[in-house]
Structure formats: C-alpha cells, structure tokens
4 protein chains.
Amino acid sequence: MARTINKNVKQDILKSVEELVAKIGVNSISLGDIAKKCDISKGTLYYYYSSKDDIIFDIIVKHVKELEEEYLEWIERHKEDLTPERFLSVIFNKGVKLFDRAKMHIFLINECIKGNDILRDKFNELWFAWQKKLEVGVLQAFKDIEDAESFAYLLMLIIDGLAIQEVMQGKFIGDDKLIEVVKKIGEKQC
Amino acid sequence: MARTINKNVKQDILKSVEELVAKIGVNSISLGDIAKKCDISKGTLYYYYSSKDDIIFDIIVKHVKELEEEYLEWIERHKEDLTPERFLSVIFNKGVKLFDRAKMHIFLINECIKGNDILRDKFNELWFAWQKKLEVGVLQAFKDIEDAESFAYLLMLIIDGLAIQEVMQGKFIGDDKLIEVVKKIGEKQC
Amino acid sequence: MARTINKNVKQDILKSVEELVAKIGVNSISLGDIAKKCDISKGTLYYYYSSKDDIIFDIIVKHVKELEEEYLEWIERHKEDLTPERFLSVIFNKGVKLFDRAKMHIFLINECIKGNDILRDKFNELWFAWQKKLEVGVLQAFKDIEDAESFAYLLMLIIDGLAIQEVMQGKFIGDDKLIEVVKKIGEKQC
Amino acid sequence: MARTINKNVKQDILKSVEELVAKIGVNSISLGDIAKKCDISKGTLYYYYSSKDDIIFDIIVKHVKELEEEYLEWIERHKEDLTPERFLSVIFNKGVKLFDRAKMHIFLINECIKGNDILRDKFNELWFAWQKKLEVGVLQAFKDIEDAESFAYLLMLIIDGLAIQEVMQGKFIGDDKLIEVVKKIGEKQC
DNA sequence: GATGAATGAGTTTTCATTCAT
DNA sequence: AATGAATGAAAACTCATTCAT
C-alpha cells in the first residue's frame, strides 16, 4: 500500500516537537509526549516518521531555514539604512534570541554531535549557507570592511556563543557594549 | 567517623566518565557503562557518588578548573612576550580545542540547561571567574585596550562558538584570519 | 574468637532503631540509616547483630515489655482509687498513645505478618501475657464484672484499633464518649 | 510472542495484586511478581498503571468498597430479623474475617502510614463513610441504643482490632463471648 | 489512514551483607 | 572491637518500537 502523507499532520507534529524541544531538550522528550501534544496516537507518529531521529532531522532543517528567512527578511526591510550598529544589533541582540530558539539551537547541536553524522552534516551545510548570506549583509553595513568572510565567520561564532549565554542565563554585559567592541573590527584603522 | 574515601577510585571514576562523556555525551552514558569501564560494580559507584548528577557535577568543576589552570599557567610562562597575536592564538586555537574538551564542554552545557539549575549556576559561576582572569591577560596583551571587560566577554563568546564549531566539525576559516580580525578591536583607531 | 558484646552499644542501637521505626516504619529504614543515627559503621552493626531481622526481634521484645511495665506501674500507683473511668482512660487515651508507640506498634505487627513466624509467635506470646495482666486491672476497676477475661480481650482489640486510628489520623470521637460506651459493659444491668 | 488481547487486563492485574498483597504484603511484592502472575510484561503493567502506588490506591478503593457492599447486602437481607446477636456476629465473626481480607487490610493500613498521605486520606474517607453506614445497622439492631455514633465507632475499632488478631493468629476467645460482652453496651441499664 | 495495546531491553537506584584489615 | 570498601541481586520505572486491527 502506498503511503499518502498528510502534510498538515506532519506540520502539526513538527510544530509540537519544536515547542517541546525548546522547552526540555531533545533527550528529554519522549514520543509519548509528542503524541500527547499533537493529540494523536504513538502509532500515527510512526505512520509519518519512521523514527525519532527522523523527526529531529526535520526539526533541524526547519530551524535553520527559519532563522535564515527571518534574517533575510529583516535585511531586505532595512537595506536603505543599514548602519553597522543596526546590523550588529539585529545579529546580536535579536540573532538567535529574537527568534526565541537559543535553547533549541543548542539542543539540536548536542543531538548532532552525539554520533549522528548525517544530522551533523546537514546542520553544518545549512549553517554555512547562512554564513554566506551574512557576508552580504556585512558588506552592506560595513563599506570599508577588508575581510568580510572572516568577519561573517566571527559573527557566526558570536551567535553560537550568545546562544549558549542565553540558555545558560549567564551575566550579559549588554548589547551596546558588545556592539561597540565588535564595530571596531569593521572600521578603518590608522 | 570521617570517611576516608579512596581518592584513587574517585579519580578513576572521574577519568572514565570524562572519557565517556567526551566520546558519547552525558545522556548516552549509563552508570553501567561507567562501572564497566572502571572495572567496579554499580554498587561501588554509588558508594562514591550518590547519583549520576553528582558525578556530572564533579566533572564540570574539574573541567572548568582545568581549563582555567592550563590557561593561567600559559599566561605565566609567556608574560614577558605577550603579544596580541600570541594571546589570541592561545585563546582561540588552543582554547577549548587545545585541551580536547570541546565536546565535553558542549555536552556539559547541554546537561546544565536541561533543567538542573544547581549545575547551571555552578558552571556559570566558574565560567564568570575565568572571564575575570581573562581580563587580566587582555590588559597585558593589549596595552591600549579601552574596554577590557567587554573584550574579555567577547572572547568568552568566541570560545564557546569555537567549541561548537569544533564539535560540529564545521568549515574553519583558519586561526590567522580570525586573529587578524579580532586583533583590530584591541588596537588604536583613528 | 569469642565475642565480647558491649551492652551499651546494643542499647544505643535499639534506641536509635526504635526512633527510626516509629518515624518511618520497618521496611523504610536501612541499616545505613541505623548506623548513621548510632554514629557507628555498618560493620559494627553486624558485630552486634547478625541480621536486620535480629534487630527487629529485639525491638519487639523491648516494645511490648515497656508497654507492660509502664501499665503495671500506673496500676500500682492508682490501686487505691481505680475507678472504671480512670482505668478505661489510661487504657484508651493513654494506652498505646500514651507511650507514643502506636506507629511502631503497627509497623511491628506488619513486620510479623510478612512471613516471619518466629517474630510473630514472640509478639503474640508477649501480647497475651499483657492481656492476662490487664485482667487483673479489670477486676480491680470493675467490681461487678462478670466475664473479666472477655472484657480484657475486648480492651486489647480496642487498643489495637486505637493504634490504627492513631497512625491513620482518622476522625476520633473523643475519649469521654468512648469511655462512656465501654463502661456500660462492666456495669450491672437490669 | 503471541499477543493475546485481553480486555480485562486491568481487572486481571487488580485481582492478582490482591492475592499477592493478601499473601505477602505490599512491600514484599515487586512489579516483576505482579507481571509474572498476570503473564504480562512489566511494560504492560506500566501501560495500565503509572506507578506501584497507583495500583495500591486502586486496591484500597476496591477493598473498602467491597467490604461495604457485602455488609450492606447482608443488612438488607436480614433487615426483618436483625437481632443484636446476629448483627454483632456478622460484624465481628464475619466482618473483616468473612471476606478473608484481614491481612490485606493491615497491609494496606501499613502502606498508608508509611508516608503516603493521599493514600491515607482516601482510606480514612472510605472508612468513615462505612462507619456512617454501620450506624444505620446499629440503630436497627439496638432499638434502645443511646449513642449510636459512639457505638459504631467502637465497632470500627473492634473490627480493626480483630483484623490484627486474625493476621497475627493470636488466641481468640470465641465469637459468642465477645458478642455477649459488647451486646451489653446496647442494652438498657439500671 | 490511524490506532493503542503490548513489549523488552534498558535505565537509575537501593541495600543487606561480606570481609580484609 | 570496629571499620568501611565493595558487592550483586533486585527494585521501580522508561520508552522507542512493533503490529494486529
């Protein structure tokens, strides 16, 4: 019998899992939790996904795609007045935090490094694609930048670092100070 | 009265767990695995530690302490010729990576954010203490630095970001480029 | 090697176990708990007692003996003015409750019926001996009593029933009412 | 493995647990024992009940409800000729004993007092409800009774006491004598 | 398409008991 | 006389997965 997959059910599942992952992490959610949240049976879950890993894979793709899309949208809206401050502000202050996905971000990374190479490679691929798009924004915001690629890379590191800070609820020095420091990199020097 | 715990067994356990955590992550190791690796019974494990969390707690303390110690040692050895390049090099290239603890670092963070507040607060406390020590190094390496605190904070973010990169085996742009970029922050500008 | 048993240590153990049993029940206390409360090692515990059951056995003997002694002492003190009310009052209101041992009483009974026949027979033997002594008190308090034996037996049932009420924290009707009801049994009727 | 669909799995479990509890007590039965007796897996047990306490809770409700029902049925059948003797006889001789549940009764009480307040309150609630129904029987059997409430309470104490006697296999004086003694309470006095 | 009963291998944890010192 | 390190068997509980319906 050929399977006819109902897209709506799949999306329902993903949305529910996303919420659960963001709350309690990948390892802590059981398929029972997911089924209950979706108001479907565990059997149905297995009709749409062949394993728990399968679900997580889809979540990762969705997560990075959404981060990217929301970023691109923002850049598009502000392309006229893209000052370094505003650019860095959206990256830092609103970056992973804006989308309220810091926790999921870290949880997913953790899942990737537990041994699932396919998952990890997919995440890296998507992450790298985003970095390339970040470069475009960097060039727009910092006219005099010398090495936009390295700068974009640095921003990605900082985003990951901030995600960790966010989930760890560490002492944050404040956006203004952070922006002030990083801004210098893109500015002309003597 | 006062229990004299066999230090060797406790250290044996910690070392084994460290290796296992670095290999397969906190959630993936069972107490059975640990006991087998140490060649002791599960009962003995509980003689030394009252729970799995207890063990992880000790691991975290050990992990951050060691990172700190090795860093301080390095700074001490190089205090005569602490150029910005060398300083950033040890932080970035050798930071978490040097000690081959990136994976454990991320795994431990993940463990912290799963809901164990005590664990998380301890990690934050230790991490903040290290940041303060980093500030001292920053001041030594960058004579003209304006805001050493923010810079040290940035470095911590980058270290976390690099740890993620390391465990995810993402495309790394190379230390030289990264150092070049970050160095600018500490330099005088027009 | 002949064992030289230190009476004081044994008494220390018994006292501690008694307190623990009264608080959390026989099954819930571990030898570790006992050792900690006595401030001795588990090994020492095994020097004085060959098993957990051994300890419980001693506790039971001590428990019933003390109940009996305190009762006899009280009867002796009040033999001059032993009204039915006072007698029933001490049996009911102060019976098991007086000695604050209701919980232990029930816990011990439970232990006995779990399969340990030796324990059970010992308890019964002691309990029956006490019943016989109760009969003497009954005869003193109720001059016109017809069947003192049955009455004493009834009192034993009530004491057990009250012990259960006590530990279950059920709704108690009040001593006065209970005394009033039971008193009738011992009184002349038309 | 042959999967035999059993619609009455929950009832099977309860019945098996009841038998085991009556035989060896609550603490002594493991979920493994139960599963084996029901010929199901431990997993299945947890499919129907979320914990051991959950099972015991159901057992308690069932136990008290059944005691009550059988008593009410009996009263209904004998309402025409409810002499004091017959009434007391069914309460004492057949009360807890009749239904062969004395052991379970005590075991359940013991479970309640070990710290499980919810269990205890439930038991008390049910027990009190039964006492109220006993009062009705008392009024029917003893026309001249003054304080039916206290008398019913006394009967409850005696039932508990008899349950203990039963499980402890103590020396029983005989129903006739006990009935004779208690009967006096309900009779007119000078 | 969808279900939910059933599973079994896995997990963490407890604890009475032993024994060399 | 006393200890405490070590154990192993058993406990309660979890959960991804299967499959007949």
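Computed from a predicted structure; not experimentally measured. Chain naming here is simple, since letters A, B, ... match the order of the sequence lines and numbering starts at 1 in each.
- When the P atom of E:dT13 is taken as reference, atom CD1 of B:I29 falls 12 Å away, rounded to whole Å.
- Checking D:I40 against A:V9, the closest nucleotide of DNA chain E that is more toward the 5' end is the one next to A:V9.
- One interatomic measurement links the two molecules: OH of C:Y49 to P of E:dT17, which rounds to 15 Å at whole-angstrom precision.
- Residue-to-nucleotide proximity on DNA chain E shows that, of D:D39 and B:N27, the 5′-proximal contact is made by D:D39.
- Regarding C:K52, its NZ atom lies at a distance of 14 Å from the P atom of E:dT14, rounded to whole Å.
- Closest non-hydrogen pair, C:C38 versus C:I13, comes out as SG-CA, 3.6 Å.
- Between A:H63 and A:F123, the angle of the ring planes goes over 60°, which puts this pair in the perpendicular group of the 30/60° scheme.
- Taking side-chain N and O atoms only, C:T44 has a distance below 4.0 Å to OP1 or OP2 of F:dT3.
- In terms of phosphate contacts, A:Y48 brings a side-chain nitrogen or oxygen within less than 4.0 Å of OP1 or OP2 of E:dA2.
- Rounded to a whole Å, the CD1 atom of B:I56 is 10 Å from the P atom of E:dT12.
- The pair A:E19-A:K23 does not meet the salt-bridge criterion, since no charged nitrogen lies less than 4.0 angstrom from a carboxylate oxygen.
- Closest to the D:Y46 side chain, of the nucleotides F:dT3, F:dG8, F:dT14, is F:dT14.
- Remark: the B:K42 side chain and the F:dT7 base include no donor-acceptor N/O pair separated by less than 3.5 Å.
- Contact check, C:Y47 against F:dA2: no side-chain N or O comes under 4.0 Å of OP1 or OP2.
- Note: CG (B:L31) to C1' (F:dA9) measures 16 Å, nearest angstrom.
- Each of A:D53 and B:L45 has a nearest nucleotide on DNA chain F; the 5'-most of these lies closest to B:L45.
- Contact between A:L14 and A:I59 at its shortest, heavy atoms only, is O-CD1, 3.3 Å.
- Side-chain proximity of A:S30 to E:dT12, E:dT7, F:dC15: nearest is F:dC15.
- Rounded to whole angstrom, the span from the NZ atom of D:K36 across to the P atom of E:dT7 amounts to 15 Å.
- Annotation for B:A163 and B:H105: closest pair CB-CD2, 3.9 Å, computed over non-hydrogen atoms.
- As a whole-Å value, the separation of B:D33 CG from E:dT11 C1' is 11 Å.
- With a cut-off of 3.5 Å on both pairing distances, the Watson-Crick or G-U wobble partner of F:dT21 is E:dA2.
- One interatomic measurement links the two molecules: CD1 of A:I34 to P of F:dA16, which rounds to 8 Å at whole-angstrom precision.
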